[in-house]
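Scroll down for the structure; my scribbles are underneath it.
As the structure is a prediction and not an experimental result, all values here were calculated from the model.
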Amino acid sequence: MPKTVITPPGTSIPIAPFVPGTLADGVVYVSGTLPFDKENNVVHIGDAAAQTRHVLETIKSVIETAGGTMDDVTFNSIFITDWNNYAAVNEVYAGYFPGDKPARFCIQCGLVKPDALIEIATVAHIGK
């Protein structure tokens, strides 16, 4: 099965050996996405809602570059650093998925940069 690397215009160079997304057989796999600017600096330090919005906008750009929409998202893996941010994350998250919600899980853990409060990895089925 052939795969296509998905890199939205203006994407920064990743800090590790991965790509923003991969399209294979109508499925978009979006790498774990952190609240980074184009120079891989954490944005909106201390603001979980703003970081969540930034992450979801980045994910949206990968899915749209592949030809899909956020309605095509079927699964999200959510990683947060503090359960105290869970409500803020969910409030923003709900705005990106107003209809049928994708399946998901959420765990608390440490992230690659201490100022990052959230990371999300996504799967979207956009068809062939």
Side-chain angles (χ1 to χ4, degrees):
M1 161 180 60
K3 67 180 181 182
T4 303
V5 169
I6 305 300
T7 306
T11 299
S12 63
I13 297 171
I15 63 171
F18 67 89
V19 295
T22 303
L23 174 64
D25 201 27
V27 180
V28 180
Y29 301 91
V30 182
S31 293
T33 304
L34 291 150
F36 287 170
D37 64 14
K38 295 202 184 320
E39 287 78 43
N40 293 316
N41 298 306
V42 176
V43 297
H44 310 297
I45 293 173
D47 187 338
Q51 285 192 8
T52 301
R53 192 171 298 104
H54 185 88
V55 165
L56 289 168
E57 283 296 319
T58 303
I59 289 168
K60 181 179 175 185
S61 74
V62 174
I63 293 169
E64 288 178 349
T65 299
T69 71
M70 292 297 273
D71 288 337
D72 298 318
V73 173
T74 56
F75 192 81
N76 287 304
S77 303
I78 304 172
F79 308 90
I80 60 176
T81 59
D82 188 333
W83 286 119
N84 290 321
N85 294 325
Y86 190 64
V89 167
N90 280 329
E91 184 176 340
V92 173
Y93 182 93
Y96 281 82
F97 303 103
D100 292 335
K101 310 292 185 250
R104 75 176 215 186
F105 70 79
C106 183
I107 62 169
Q108 179 180 317
C109 63
L111 297 174
V112 69
K113 288 204 178 180
D115 288 328
L117 303 174
I118 185 165
E119 180 173 352
I120 301 175
T122 298
V123 177
H125 289 253
I126 64 170
K128 294 188 176 189

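- Scanning all heavy atoms of the two residues, the minimum distance from S12 to N40 falls at OG-OD1, 3.2 Å.
- Residue C106 comes nearest to W83 through the heavy atom pair O-CH2, 3.5 Å, listed as atom of the first residue, atom of the second, then distance.
- Between the CG atom of N76 and the OG1 atom of T122 there is a distance of 4.0 Å, given to the nearest 0.5 Å.
- The distance from atom OG1 of T52 to atom CD1 of I78, rounded to the nearest 0.5 Å, is 8.0 Å.
- I107 is connected to V112 through a chain of hydrophobic side-chain contacts under 4.5 Å among Ile, Leu, Val, Met, Phe, Trp and Tyr, so both are in one cluster.
- Residue L117 holds its CG atom at 8.0 Å from CG of D82, rounded to the nearest 0.5 Å.
- The backbone N or O of D115 sits less than 3.5 Å from a side-chain atom of Q51, completing a donor-acceptor pair.
- In the hydrophobic cluster analysis, where Ile, Leu, Val, Met, Phe, Trp and Tyr join through side-chain heavy atoms closer than 4.5 angstrom, V73 is grouped together with I126.
- Linking ILVMFWY residues whenever their side-chain heavy atoms come closer than 4.5 Å, directly or via other members, places Y96 and V55 in the same cluster.
- Heavy-atom contacts from other residues, nucleotides or ligands closer than 6.0 Å to NZ of K3 number 12 or fewer.
- With a 4.5 Å cut-off on side-chain heavy atoms, V42 and L34 do not count as touching.
- Here the NE2 atom belonging to H44 is positioned 9.5 Å from the CG atom belonging to D37, to the nearest 0.5 angstrom.
- Under the 4.5 Å side-chain heavy-atom criterion for ILVMFWY residues, no single connected hydrophobic cluster contains both V89 and I45.
- Residue K38 holds its NZ atom at 6.5 Å from OG1 of T11, rounded to the nearest 0.5 Å.
- Shown here is I13, whose CD1 atom has no more than 12 heavy atoms of other residues, nucleotides or ligands within 6.0 Å.
- Remark: E91 CD is loosely packed, at most 12 non-hydrogen atoms of other residues, nucleotides or ligands lying under 6.0 Å away.
- Between Y93 and F97, the ring planes are tilted. Angles from 30° to 60° get that label.
- Criterion: ILVMFWY side-chain heavy atoms under 4.5 Å apart, direct or through other members. Under it, V123 and I6 are not part of a common hydrophobic cluster.
- Residues F75 and S77 come closest through the heavy atom pair CE2-OG, 3.4 Å.
- From D25, atom CG reaches atom OG1 of T4 across 11.0 Å, with rounding to the nearest 0.5 Å.
- A side-chain donor-acceptor contact under 3.5 Å links S31 to the backbone of V19.
- Closest approach of L111 and E119 over heavy atoms only: CD2-OE1, 3.5 Å.
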With a cut-off of 3.5 Å and sequence neighbours excluded, list every side-chain donor-acceptor pair involving residues 59-71.
residue	atom	partner	partner atom	Å
S61	OG	T58	O	2.7
T65	OG1	S61	O	2.7
T69	OG1	D71	N	3.2

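- Counting non-hydrogen atoms of neighbouring residues, nucleotides and ligands closer than 6.0 angstrom, the CG atom of D100 reaches no more than 12 such neighbours.
- Between H125 and V27 there is a side-chain heavy-atom pair separated by less than 4.5 Å.
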